[in-house]
**Student:** 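Let me begin by handing over the structure; questions about it come next.
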Amino acid sequence: MIRRVAVVPHPPLIVPELTGGGDRDADAVRADCVAAAASFADAAPRWFVVGACDRPGRYGPEVAGTFRGFGVDVRVGLGAKADLAFADPVLPLPALVAGWLRAAVGGPDVTARIVPVDFSPTDCAAEGARIAEELAGPDPVGLLVLGDGSHRHGERSVGRPDARSAAFDDDVTRALASVDLDALARLDPALAAELGAVGRAPWQVLAGAVRADGREWRSVEARVSAPLGVAYHFAVWEPA
């Protein structure tokens with residue numbers, strides 16, 4: 001069963017080789033991601049990861065990938081036995097970051113379910129219910145949900161700054177802080193796409209999984225920062 005939920009961003013900049021070191025903002029985001037993964041690693045002997053990308057699929061612990069597409073051939077495996085010599089050059093970013101975090105904290109094997117970025121809220125809810133059913137057995141599992149908020153915050157934004165970004169990510173933060181599954185389910189896919197918020201679908205899959213799980217949940221942490229023009233959400237949920 002799901003023992004703990006963690007929500008983290010998946011910026012490639014958490015990999016030190018991609019920034020060259022010395023970037024305080026990148027260092028801070030990396031430290032936050034590693035700290036979340038470290039506390040998460042103690043909760044369950046297996047991680048199930050949810051993310052979104054334009055290359056959807058399911059990736060098991062035998063899979064390896066490389067950050068070569070982001071500038072440096074840093075190789076990671078989703079499990080301890082993954083053969084890094086056969087790293088997938090186009091493994092989706094959420095799976096890559098999950099593999100890097102697994103190695104950084106000595107975490108367990110990872111299975112990643114990557115859904116389409118444009119997955120509808122209805123499809124997300126159904127996928128979440130399916131995941132909850134898969135993970136409902138007696139073995140504890142950590143559900144790690146990867147995705148960024150809007151990338152259009154302020155002058156450092158990836159795209160043109162958009163004033164709607166603040167309200168959108170404020171809504172996400174409140175929903176994660178209060179385990180408001182309805183609020184997550186109501187996130188507008190069209191608006192999220194316009195704002196570059198690729199975490200929308202994974203968060204809605206999370207809402208579907210927790211709703212189907214049937215237990216009461218509480219948030220023990222929820223916060224957001226946007227040091228590089230992108231909203232990075234962090235949250236930890238546990239059964240109440």
Side-chain angles (χ1 to χ4, degrees), residues 1-12 14-18 30 33-70 72-117 119 124 127-147 198-199 201-203 205-206 208-210 212-213 236-238:
M1 69 176 63
I2 302 171
R3 175 71 61 82
R4 181 177 292 171
V5 170
V7 175
V8 297
H10 56 50
I14 73 167
V15 180
E17 291 87 343
L18 299 183
R30 181 183 309 116
C33 288
V34 170
S39 65
F40 197 58
D42 296 335
R46 180 163 65 98
W47 290 358
F48 193 96
V49 169
V50 176
C53 185
D54 57 5
R55 190 190 177 200
R58 185 181 174 104
Y59 304 88
E62 75 284 356
V63 172
T66 172
F67 284 89
R68 185 171 62 205
F70 297 93
V72 181
D73 187 18
V74 176
R75 301 187 177 204
V76 297
L78 298 189
K81 295 183 179 180
D83 190 343
L84 300 186
F86 295 95
D88 184 345
V90 290
L91 189 67
L93 178 60
L96 282 171
V97 170
W100 186 88
L101 288 171
R102 183 199 70 80
V105 302
D109 284 353
V110 171
T111 297
R113 174 66 174 107
I114 308 301
V115 301
V117 174
F119 227 27
C124 288
E127 182 64 23
R130 190 202 63 76
I131 290 171
E133 181 179 7
E134 177 182 345
L135 304 182
D139 297 332
V141 182
L143 183 59
L144 182 62
V145 181
L146 285 86
V198 296
W203 301 329
V205 172
L206 165 62
V210 170
D213 173 81
V236 176
W237 293 357
E238 294 181 343

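Everything numeric in this text was worked out from a predicted model, so none of it was measured.
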**Student:** Using a 6.0 Å cut-off, check whether atom CD of Glu133 has over 12 heavy atoms from anything other than its own residue.
**Tutor:** no
**Student:** Working to the nearest 0.5 angstrom, can you tell me the gap between Ile131 CD1 and Asp213 CG?
**Tutor:** 12.5 Å
**Student:** Got a second to check how far Leu146's CG is from Cys53's SG, nearest 0.5 Å?
**Tutor:** 12.0 Å
**Student:** Write down the atom of Gly51, the atom of Pro94, and the distance for their closest heavy-atom approach.
**Tutor:** CA-CB, 3.9 Å
**Student:** Of all heavy-atom pairs between Val141 and Ala44, which one has the smallest distance, and what is that distance?
**Tutor:** C-CB, 3.5 Å
**Student:** State, with a plain yes or no, whether a side-chain heavy atom of Trp203 is found less than 4.5 Å away from one of Val50.
**Tutor:** no
**Student:** Could I get the full list of salt bridge (Lys or Arg N to Asp or Glu O under 4.0 Å) partners for Arg75, not counting sequence neighbours?
**Tutor:** Asp73
**Student:** So, using salt bridge (Lys or Arg N to Asp or Glu O under 4.0 Å) as the criterion, who are the partners of Arg46 when residues are at least two apart?
**Tutor:** none
**Student:** Do His10 and Val198 have side chains that approach each other closer than 4.5 Å (heavy atoms only, starting at C-beta)?
**Tutor:** yes
**Student:** May I have all residue pairs that pass salt bridge (Lys or Arg N to Asp or Glu O under 4.0 Å) and include part of residues 86-112, sequence neighbours excluded?
**Tutor:** Arg55-Asp88
**Student:** Search all heavy atoms of Ala112 against all heavy atoms of Ala95 and return the closest pair with its distance.
**Tutor:** CB-CB, 4.2 Å
**Student:** For Leu78, run the side chain to side chain contact (heavy atoms under 4.5 Å, CB included) check against Leu96, Val49, Val110 and tell me which one passes.
**Tutor:** Val110
**Student:** Measure the shortest side-chain to side-chain distance between Leu101 and Val105 over non-hydrogen atoms and say whether it is less than 4.5 angstrom.
**Tutor:** no
**Student:** Rounded to the nearest 0.5 Å, what separation is found between the CG atom of Asp54 and the CD1 atom of Ile114?
**Tutor:** 11.0 Å
**Student:** For the residue pair Leu143 and Trp237, establish whether any side-chain heavy-atom pair is separated by less than 4.5 Å.
**Tutor:** no
**Student:** Show the nearest heavy-atom pair for residues Val115 and Ala201, with the distance to one decimal.
**Tutor:** CG2-CB, 4.1 Å
**Student:** Just so I know, are the side chains of Val97 and Pro12 near enough to count as touching, which here means a heavy-atom distance under 4.5 Å?
**Tutor:** no
**Student:** Under the salt bridge (Lys or Arg N to Asp or Glu O under 4.0 Å) test, which residues partner Glu134, sequence neighbours left out?
**Tutor:** Arg58, Arg130
**Student:** Once ring-ring contact (aromatic ring centres under 6.0 Å, His included) is applied, do any residues pair with Trp100, and if so which ones, sequence neighbours excluded?
**Tutor:** none
**Student:** Indicate the atoms forming the closest heavy-atom contact of Ala37 with Trp47, along with that distance.
**Tutor:** O-CZ2, 3.9 Å
**Student:** Mind checking salt bridge (Lys or Arg N to Asp or Glu O under 4.0 Å) for Asp139 and listing every partner two or more places apart, or none if nothing turns up?
**Tutor:** none
**Student:** Tell me, do Val15 and Val72 make a side-chain contact under 4.5 Å, heavy atoms counted?
**Tutor:** no
